[in-house]
Amino acid sequence: MKYFTSILLLPLILLFSLPVSHCSGIGLPAIIGDNMVLQQNFNVPLWGWAEPGTSIEVKPEWSSNTEIVKTGADGKWMVKISTPSAGGPYTLRINDTLLKNIMIGEVWLCAGQSNMEWPTGKALNGKKEVESAQFPRIRFFKGGKQFSDIPMTESEGRWVECTPETADTFSAVGFFFVRELQARLNVPVGLIQATWNGTPAEAWTRNEFLASDKDLQFFINRYIRKMSKRKSGNTVRTQNSPSSLYNGLISPLIPFAIKGVIWYQGESNVYQSDLYPKLLSAMIKNWRQDWGQGDFPFLYAQIAPCANELPLVGGALRDAQRRVLEIPGTGMAVTLDIGNKDNIHPLNKQDVAKRLALWAFAKTYNIPGTVFSGPLFKSYKTENGKIRIDFDYAEGGLYAKTGSLSFFQIAGRDKVFRAANASISGSSVLVHSDAVPDPVAVRYAFNNTDSASLVGIEGLPASTFRTDDWPILADEVLIESAYDRTKDGFYTTMFCDRFGYEIHYTSDNSEPLITSPLYTGALIFKSSCTIKARAFLRELPSASINQITLINHLGLGRAPVLLAAYNPQYPGSGSSTLTDGIRGTSRYWDGSWQGYRGNGPEVIIDLGSKTTVHKISGGFLEDTRSWILLPEKVEFFTSTDARKFKKIKTIKNPKITGDRGPTRVDISYDDEPVTTRFIKIKAKPAELPGWHPGKGESAWIFIDEVIVQ
């Protein structure tokens with residue numbers, strides 16, 4: 001099923017100037033090079049490119065055997081060489097190319113979104129951790145960031161030894177994980193990093209695995225619906241698009257031999273918790289099948305408690321992750337007790353890594369006596385107005401973390417959950433409430449910010465769980481709007497990707513209820529307004545309310561002249577974005593924001609004739625966790641002829657001193673009225689500050705509209 005009609009790739013993906021070896025006509029992928037670690041006691045694949053018919057000789061120092069192969073008509077070659085038990089350093093000769101300082105040991109892949117990408121230097125006690133990170137037998141490979149609509153064969157990156165300098169910016173969870181392995185196993189360890197902040201699991205999954213399942217086709221259909229451009233019929237790909245990162249980051253690594261995968265992701269899928277078990281299962285199956293190494297270990301971190309504007313979505317996703325443990329060869333590190341309810345990026349990455357390593361020690365390396373998991377929900381039964389919960393991994397006993405159990409809820413047939421009393425009874429927990437005399441369901445740690453109260457031996461926390469399967473709706477309504485000059489209004493349509501849902505909406509910024517107007521077809525809104533829409537399934541409302549803010553102003557529908565190029569990764573709706581009257585939301589990927597990096601927007605708008613202007617505003621986004629800052633300064637200009645511009649104001653923004661979540665900020669000229677035909681707004685990007693993981697680099701600027709009033 002082919003569903004992408006066009007692609008937009010980051011210009012930084014220099015596919016024709018990647019750091020591959022081309023000595024003596026031999027081309028090698030970046031993943032094969034000096035300082036690499038090869039999986040011990042394995043037939044490891046090595047591959048590359050040369051002229052068709054070229055004879056390739058592969059001679060490892062640790063063996064007396066030489067593997068010889070000829071390239072095919074496509075110029076590709078591959079051999080498999082047997083590796084011994086851990087050791088090194090070794091050399092490896094491929095024709096006249098000599099690869100040096102190679103270790104034999106254990107190789108793992110760490111992948112996921114921002115919590116896996118979070119660098120060691122910014123973790124808890126990061127400075128101290130980095131200063132002591134001198135481990136020559138630990139090696140890192142950090143792939144470049146790229147996405148594509150087809151599987152790629154190469155990426156940027158190189159193998160480096162673990163030093164304070166290389167560990168500083170490498171994945172904290174990944175580093176702490178291999179540090180645990182190297183210390184316990186006493187072998188060299190190689191770690192490959194493939195991460196991209198803010199990305200959903202469908203981006204990491206091959207298209208065929210999504211298209212072959214009727215439920216997972218939801219992600220494809222939603223992508224087409226959201227990103228189709230009516231004018232051209234083309235689609236715009238980003239790193240969040242289905243299969244983008246499988247194609248760009250995972251495919252180039254295959255079939256490099258690995259022992260297993262550690263994965264930290266889920267925050268970007270909290271609105272699809274019902275689909276997540278099937279989605280992650282498909283991704284795991286996809287990777288295992290394509291690597292061709294059998295069911296290698298796949299260990300993952302459960303997302304930590306954190307506030308969310310929608311109730312229950314965090315708990316529902318944590319429970320969905322728990323259910324993925326049904327797949328053989330998986331393991332989950334529970335993080336209920338080490339999160340930060342006010343920050344989606346908890347700094348304690350050490351304990352996350354240790355808990356992942358415990359699963360590896362117990363299940364991958366079969367080290368006896370390893371306690372690797374806290375209690376995991378197994379079954380329940382009703383007893384005299386109470387519900388008894390039984391657990392796996394409770395043989396060592398159950399314990400209340402703070403003296404008594406909390407965060408348990410219980411419900412009757414009315415499906416209304418109430419706070420419950422819970423007590424430990426042997427290896428079970430009894431749950432009850434006087435307000436629910438006939439209980440049928442229990443949930444534990446299910447609110448977004450609930451933490452751990454139930455732990456097992458050695459203090460490992462129990463996972464979030466629920467005994468019910470009642471719907472938790474978080475589906476969004478897609479609202480599309482475009483200014484129609486012939487109707488002098490905004491032509492607006494609404495759509496829900498799930499079949500059988502009704503849509504109710506408001507246009508006065510109030511909450512949509514089942515009694516609000518029912519959407520039945522396209523609408524025209526002639527004045528500025530905020531439209532809110534909500535999906536309902538048999539009168540059950542979605543927790544998600546989507547909205548779009550429309551603004552009618554003097555520049556509406558005027559074709560802007562862009563003197564600076566926007567980044568093609570975030571084009572908005574193209575050149576018309578900044579005068580289409582559509583405000584962006586708090587989500588930089590919503591299609592209404594235009595993104596700039598390395599430069600800032602410089603925009604001229606022709607009002608058509610001399611006009612008295614009272615206010616000029618640029619709508620900007622700030623989201624430090626996504627490397628998006630307000631501009632360092634914004635300049636406003638006017639002109640009567642578009643040749644000579646007069647600067648009328650400069651606004652400098654103060655430097656920020658800490659993390660801030662997504663906030664939309666209008667930066668405005670609103671001094672004396674001016675009479676002008678042309679207005680210009682120019683923004684200069686800020687530099688990421690010293691406390692930020694990207695310190696010293698240019699921040700992103702996101703702008704949604706230039707408003708003239």
Side-chain angles (χ1 to χ4, degrees), residues 270-271 273-274 302-323 334 336-337 339 341-342 374-391 394 398-456 461-475 511 513-514 534-545:
V270 293
Y271 305 121
S273 61
D274 59 324
Q302 191 179 57
I303 65 170
C306 187
N308 191 294
E309 59 186 357
L310 300 185
L312 304 182
V313 293
L317 198 282
R318 292 194 297 269
D319 182 64
Q321 291 176 310
R322 178 188 62 83
R323 286 182 278 144
V334 176
L336 273 177
D337 58 333
K341 66 181 180 64
D342 298 317
L376 292 174
F377 168 71
K378 180 171 65 175
S379 62
Y380 76 102
K381 59 184 177 181
T382 303
E383 296 180 358
N384 302 318
K386 299 180 179 180
I387 293 182
R388 180 180 293 273
I389 308 294
D390 289 311
F391 298 88
L398 299 175
Y399 306 91
K401 184 177 176 65
T402 57
S404 61
L405 296 181
S406 53
F407 306 121
F408 280 87
Q409 295 177 308
I410 197 165
R413 299 188 184 281
D414 61 0
K415 301 182 181 180
V416 176
F417 280 89
R418 295 174 171 85
N421 299 308
S423 58
I424 294 170
S425 174
S427 59
S428 302
V429 171
L430 282 174
V431 187
H432 73 280
S433 170
D434 292 341
V436 186
D438 187 19
V440 298
V442 166
R443 291 177 179 174
Y444 167 67
F446 214 80
N447 291 313
N448 293 329
T449 59
D450 285 351
S451 58
S453 71
L454 177 66
V455 299
S463 168
T464 290
F465 70 86
R466 63 168 168 161
T467 64
D468 66 281
D469 59 359
W470 301 333
I472 297 174
L473 303 186
D475 295 272
E511 178 182 350
L513 305 172
I514 192 66
R534 185 184 226 167
F536 289 80
L537 180 62
R538 295 184 294 276
E539 299 191 355
L540 178 66
S542 171
S544 176
I545 299 175

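What you see is a predicted model, and the numbers here were worked out from it, not measured in a lab.
For the side-chain hydrogen bond (donor to acceptor under 3.5 Å, both in side chains) condition, no pair includes a residue of residues 430-441, sequence neighbours left out.
Once rounded to the nearest 0.5 Å, the distance linking CZ of R323 with CZ of F377 reads 11.0 Å. Here the CG atom belonging to D319 is positioned 10.5 Å from the CG atom belonging to D469, to the nearest 0.5 angstrom. Note: S544 OG to L473 CG = 10.5 Å, rounded to the nearest 0.5 Å. From D475, atom CG reaches atom CZ of F536 across 12.5 Å, with rounding to the nearest 0.5 Å. Of the inter-residue distances, the one linking Y380 atom OH with D390 atom CG reads 12.5 Å to the nearest 0.5 angstrom. Annotation: the span from I389 atom CD1 to I424 atom CD1 amounts to 13.0 Å, rounded to 0.5 Å.
K401 places none of its side-chain heavy atoms less than 4.5 Å from the side chain of L336. For the pair L310 and V270, the minimum side-chain heavy-atom distance is 4.5 Å or more. With contacts defined as side-chain heavy-atom distances shorter than 4.5 Å, the pair V440/T382 does not qualify. A 4.5 Å side-chain heavy-atom check between L430 and E383 finds at least one atom pair inside the cut-off. Using a 4.5 Å cut-off on side-chain heavy atoms (C-beta onward), N421 and V431 make no contact.
Put simply, the side chain of Y444 gets close to the backbone of L454: a donor and an acceptor are under 3.5 Å apart. The closest donor-acceptor contact from the side chain of N447 to the backbone of T449 lies at 3.5 Å or more, if one exists at all. For R534 (side chain) and S542 (main-chain N/O), a donor-acceptor pair under 3.5 Å exists by modelled atom type. Not a single donor-acceptor pair under 3.5 Å links the side chain of S273 to the backbone N or O of A320. T467 contributes a side-chain N or O that, together with a main-chain N or O of V442, makes up a donor-acceptor pair within less than 3.5 Å. A distance-only check finds no donor-acceptor pair linking the side chain of Q302 to the backbone of Q321 [under 3.5 Å]. The backbone N or O of A445 lies less than 3.5 Å from a partner atom in the side chain of T464, making a donor-acceptor pair.
Ring-plane geometry between F391 and F465 is classed as perpendicular, the angle between the planes exceeding 60 degrees on a 0 to 90 degree scale with a lower cut at 30.
Contact between S463 and L376 at its shortest, heavy atoms only, is CB-CD2, 3.7 Å. Contact between A543 and P311 at its shortest, heavy atoms only, is CB-CD, 4.2 Å. Contact detail for S453 and S404: the closest heavy-atom pair is CB-O, 4.3 Å. Across all non-hydrogen atoms, the minimal contact from A441 to I387 is N-CD1, 3.5 Å. Closest heavy-atom contact between A422 and V429: CB-CG1, 4.0 Å. Of all heavy-atom pairs spanning V455 and P461, the tightest one is CG1-CA, 3.9 Å.
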Decide yes or no on side chain to side chain contact (heavy atoms under 4.5 Å, CB included) for F446 and I472, but give the supporting numbers first.
-> CA-CA 12 Å; F446 214 80; I472 297 174; 3.4 Å; yes
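Counting non-hydrogen atoms of other residues, nucleotides and ligands closer than 6.0 Å to CG of D414 gives a total above 12.
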Side-chain donor-acceptor pairs of residues 406-413 under 3.5 Å, sequence neighbours excluded:
none

